[in-house]
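One structure is given here, and the rest of the page talks about it.
Below, all heavy atoms of this structure are taken into account, side chains as well, without hydrogens, waters or symmetry copies. Counting starts at 1 for both ligands and their atoms, in listed order. Residue numbers count from 1 along this sequence.
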Amino acid sequence: MANKGLAKAPEDTCILVTGGAGFIGSHTCVELLNNGYRVVIIDDLSNSSEVAVKRVRRITGVTDDRLRFYQNTLLDRAAVERVFDENDIDAIIHFAGFKAVGESVHKPLEYYWNNLTGTLVLCDVARNHGCKNLVFSSSATVYGEPERIPIDEDCEKHQATNPYGQTKTMLEQILTDLYVGDNEWDIVLLRYFNPIGAHESGLIGEDPKGIPNNLLPYVAQVAIGKLEKVHVFGDDYDTPDGTGVRDYIHVVDLARGHVSALNWMAGRVGTGKATTRGTIAGEPAADGTRRGVGIFNLGTGKGSSVLDVIRAFEKACGHEIPYVIEPRREGDVAACYAAVDKARDELGWTAQYDMERMCQDSWRWQTMNPDGYASATE
Ligand code: UFG
């Protein structure tokens, strides 16, 4: 079946957001709705809450069926079929997947099964409905130990150190092969650096289950007194202060990157010609929409150390944050930050918010929702 294409107004364009109740997914739904798109969420709520969907409605004022929610897993093929039967879906933004690095080492079967099978079911059902536009939530983890810094999209990919990372690498390959086998597809692989922060309303944010694995939610829980001190994993890296350096990006900036990717697919931004670095560019379709595989880093291009982050958060919360230096964490790289010129030149997108703002927004979310969504009903 031919690709329906995206050459129409956002108001007439329906986007399926898998994992749309999650951290990045919920923020992306807000930006899509703010830009006039219709949104259908499919989320199994295995690591998220329906409260996030209600909060997306509150933030955007969209109370009608411009936003629909289905509580289903992508592994349930009949349910995915139903979503496509009941909605005229034009493009997919695919976030749904398990994402805990450490857990994936202990549960490889669950991670491969869920993340790979879910995507295969999704793509199969989508193509049978003529929907062949997909934005995939990939990760800087595909670069592994990077060849050079800043990391550009041409940097060699390296073996991931855990099954979670492997699923990202494998799915990038699967989606690329999908295009190679059927040039009607248009695929965008967005490689995220480290998303943090929260919507400025304080209504949606990151809600990790149990003790957080990632730095920011951990720091936020120390700041609010739920955890005693931050464990800094290593101060002997070859970085300015010895602690690990990452490219932290505000989740709202990241969410806007997805709207830019849709504009790019629709031929509304970019040159329309073959692009550089990793992209496989096909001939644009008759209606001007793009075909191919686009690969973009989404980051700020700026590196911050663990101690930089702790200091910025201290400023946001107004008090000291205790920390202790620990040995390095296995699998961590010293420094990782993005070359951002490709996203800027092709997508017309750049991150707007700085570390100070990211910490302020995280802190607002944390103080307004000390237990995340757990005790909230709406
Ligand atoms: N860190 C600490 N203490 C903590 C947690 C983290 O010192 O309690 C340090 C880490 O060593 C690292 C930095 O803080 O230097 C950031 O660590 P995160 O766990 O927050 O993030 P990672 O960069 O390890 O991983 C993140 C995502 C992955 C994704 C990867 C892509 O969690 O999903 O970025 O680069 F694959």
Side-chain donor-acceptor contact under 3.5 Å, Asp247 with Asn194: no
Does Arg246 qualify as a cation-pi partner of Phe193, given the criterion of NZ or CZ under 6.0 Å from the six-membered ring centre and within 45 degrees of its axis? no
Applying a heavy-atom distance cut-off of 4.0 Å, which protein residues contact ligand 1? Ser139, Ala140, Thr141, Tyr164, Asn194, Asn213, Asn214, Leu215, His231, Val232, Phe233, Gly244, Arg246, Tyr248, Val306, Arg329, Asp332
Under 30°, 30 to 60°, or over 60°: which ring-plane class applies to Trp363 and Phe313, parallel, tilted or perpendicular? perpendicular
Going by atom types alone, do His94 and Ser137 pair a side-chain donor with an acceptor below 3.5 Å? no
Decide salt bridge (charged side-chain N to carboxylate O under 4.0 Å, His left out) for Arg191 and Glu172; before the verdict, give the C-alpha distance in whole Å, the side-chain angles of both, and the deciding distance to 0.1 Å. CA-CA 10 Å; Arg191 294 178 177 160; Glu172 283 202 352; 2.8 Å; yes
Asp124 with Arg77: basic N within carboxylate O range, under 4.0 Å: yes
